[in-house]
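Proteins get letters first, then strands, A, B, ... in listed order; numbering begins at 1 in each. Predicted model, so just to flag it, every value in this text is computed and none were measured.
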Amino acid sequence: MQPFIKADEITKTYGQTLALDRVSFEVNQNEIFGFIGPDGAGKSTLFQIMTTLLIPDSGSGSINELDIAKNYKEIRSIIGYMPGRFSLYQDLTVAENLKFYANIFGTTIKANYELIKNIYDLLEPFSKRKAGDLSGGMKQKLALCCALIHQPKALFLDEPTTGVDPVSRTEFWDNLTQIKHLGIPIVVSTPYMDEAIRCDRVALIHKGRILKMDTPQKIIAEFSATVLSLSNIDKHQAREAIKNLEGIESIFAFGDSLHITVSKDNSSIIDNLRSTLSSIIPDYKLSEITPDFEDCFLQLMKEEQNV
Amino acid sequence: MSETIITVKDLTRKFGDFTAVDAISFDVKKGEIFGFLGANGAGKTTAMRILCGLLSPTSGQAEVCGFDVYHQSEQIKLNIGYMSQKFSLFDDLTVWENISFYAGIYKMSKQEIKIAGESLLEQLELTKYRNRLIKSLPLGWKQKLSFSIAIIHKPKVVFLDEPTGGVDPITRRAFWDMIYKASSEGITIFVTTHYLDEAEYCDRISMMVKGRIAGLGTPAELKTRFKAKNMYDVFLKLARGTDNA
């Protein structure tokens, strides 16, 4: 099967800054494809290029076999795009915004209600409220409805959950999974590492380059080091005690514990770690854990910096 | 007992029929890192704006650095620092112009600005970039600079509104190192965040739900009280009312 969305060697510079460096990826019909990376990584530039709002310096792309340069008009009518910045009309109500977007695309809310029903039901009580007065989570739900109202064939969502509280984020991703099952492929970007796991495939992007692209499960499985979780400690004291021990690749705070990365062949390193810890923090807890996505991203970024 | 920097009692703010902040009470101690959490729309921003002297409450009491929010909002503004991800530095001004502009707002003298500004540049290793425009700096640098400027006048308390939104995981952790340092120097930190791992880095947390404070305590206390294995569970139970404990 031909991939539904395709990008080939896309490069874009702004003056001296290389925003995108030969970025290639493909997205299939039944996929949520995530771009995971920090602010400034090039995610928004890539989204603007794929949605025909910006022209790349070089490289090409297509959506449903329509070329992003030649067929930009057709593409605009078949995609839904949610830009990173909230861009609905703040002075229009929830219902007015939705109606406006339906009109632009020459359709009606009624004709497409089934597609947005699950999400819109939550917004219904606020239908007369101005969009600008909605809370962050509600604004994002409304923006998603507006991006869906013309039954797009593909969705592009640029950081749809930035600034959204953690529980609303979970609910938003539940919505995305439902939409995917209707056969609409979704390209989504996020700075939240915990959202990576909800994508079918992800590309880790940093400084305009894709560092890695695969299923999140595979990226975690391929993690080349052992991660230990150290808890029941004073984090500062523990870090000071162990930071110069041999064989420790990195120490990062994760909530109430520290994640310590050591190489695979490590029994002597861990023995040494335990004996150092027990002399100063007798009650410490240390265990090997399955790395989570953030561990992987931190490791990749560190490798980048060392190159 | 240590000094109290923020005292809030039965603080309420209504907008028409809607009660955005509903009789909340809490104290924040000097040097404490106080995490102010809650769902979108729970009333965090409204409460924070009152404490920064930008909005009057409808009823209740609040004092910040010993000043009353009803009558002494100007004194409050001079004694606090404020930083948010959305509103930070002026892109078209240089590093040094931003420093001297903000320090000037806080009524520091030319001499004070020179001393404090130079030391700030040195600590951030930005001395040779002093004449660079802000817009040419990477986000991580801007964020650190923005925080340092928010505390250049040595405020008693600094309010940080989602300071790490959208930042990469390494920069986020480096930013928290700066927060710890400021806190160890006696500056009280009042911070909102949507990253629940960062909630664990706070000394105490308040969790707002529908205008009220539904939970208040150290991260460990909250996890025990709500029988939660992590802060996400605490948040879920409180924010979505799956537990009435």
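Looking at A:M193, the atoms closer than 4.5 Å to chain B (heavy atoms on both sides) all sit in the side chain, from C-beta outward. Of the atoms belonging to A:E171, it is side-chain heavy atoms, and not backbone ones, that fall under 4.5 Å from chain B. In this structure, the portions of A:F254 lying under 4.5 Å from any heavy atom of chain B include both its backbone and its side chain. Heavy atoms closer than 4.5 Å to chain B are found in the side chain of A:K235, but not in its backbone. At a 4.5 Å heavy-atom cutoff, B:P219 makes no contact with chain A through either its backbone or its side chain. Heavy atoms closer than 4.5 Å to chain A are found in both the backbone and the side chain of B:I170.
Shown here is B:K223, whose NZ atom has more than 12 heavy atoms of other residues, nucleotides or ligands within 6.0 Å. Other residues, nucleotides and ligands contribute over 12 non-hydrogen atoms within 6.0 Å of the OH atom of B:Y180. Taking a 6.0 Å sphere around CD of A:E222, one finds it holds more than 12 heavy atoms contributed by other residues, nucleotides or ligands. Around the CD atom of B:E185, the shell of radius 6.0 Å holds more than 12 heavy atoms that belong to other residues, nucleotides or ligands. Within a 6.0 Å sphere centred on OH of B:Y129, other residues, nucleotides and ligands contribute 12 heavy atoms or fewer.
In terms of modelled atom types and a separation under 3.5 Å, the side chain of A:D165 and the main chain of B:N40 share a donor-acceptor contact. Put simply, the side chain of B:Y195 never gets that close to the backbone of A:P166: no donor and acceptor are under 3.5 Å apart.
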message = Does B:H194 form a side-chain contact (heavy atoms from CB on, under 4.5 Å) with A:T162? I'd like the steps, not just the answer.
response = CA-CA 9 Å; B:H194 285 314; A:T162 295; over 6 Å; no

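Electrostatic pairing of A:E294 and B:R173 counts as a salt bridge here, judged by a charged N lying under 4.0 Å from a carboxylate O.
The two residues A:L298 and B:P169 have their closest heavy-atom pair at CD2-CB, 3.6 Å.
In this structure, CG on A:D256 lies 10.5 Å from CG on B:D197, to the nearest 0.5 angstrom. Taken from CD in A:Q16 to OG in B:S136, the straight-line distance is 11.5 Å, to the nearest 0.5 Å.
Contacts with chain A were tallied for B:G165, B:A199, B:G38, B:A39; B:A39 has the most, counting heavy-atom pairs under 4.5 Å.
In this structure the side chain of A:D194 never reaches within 4.5 angstrom of the side chain of B:Y232, judged on heavy atoms.
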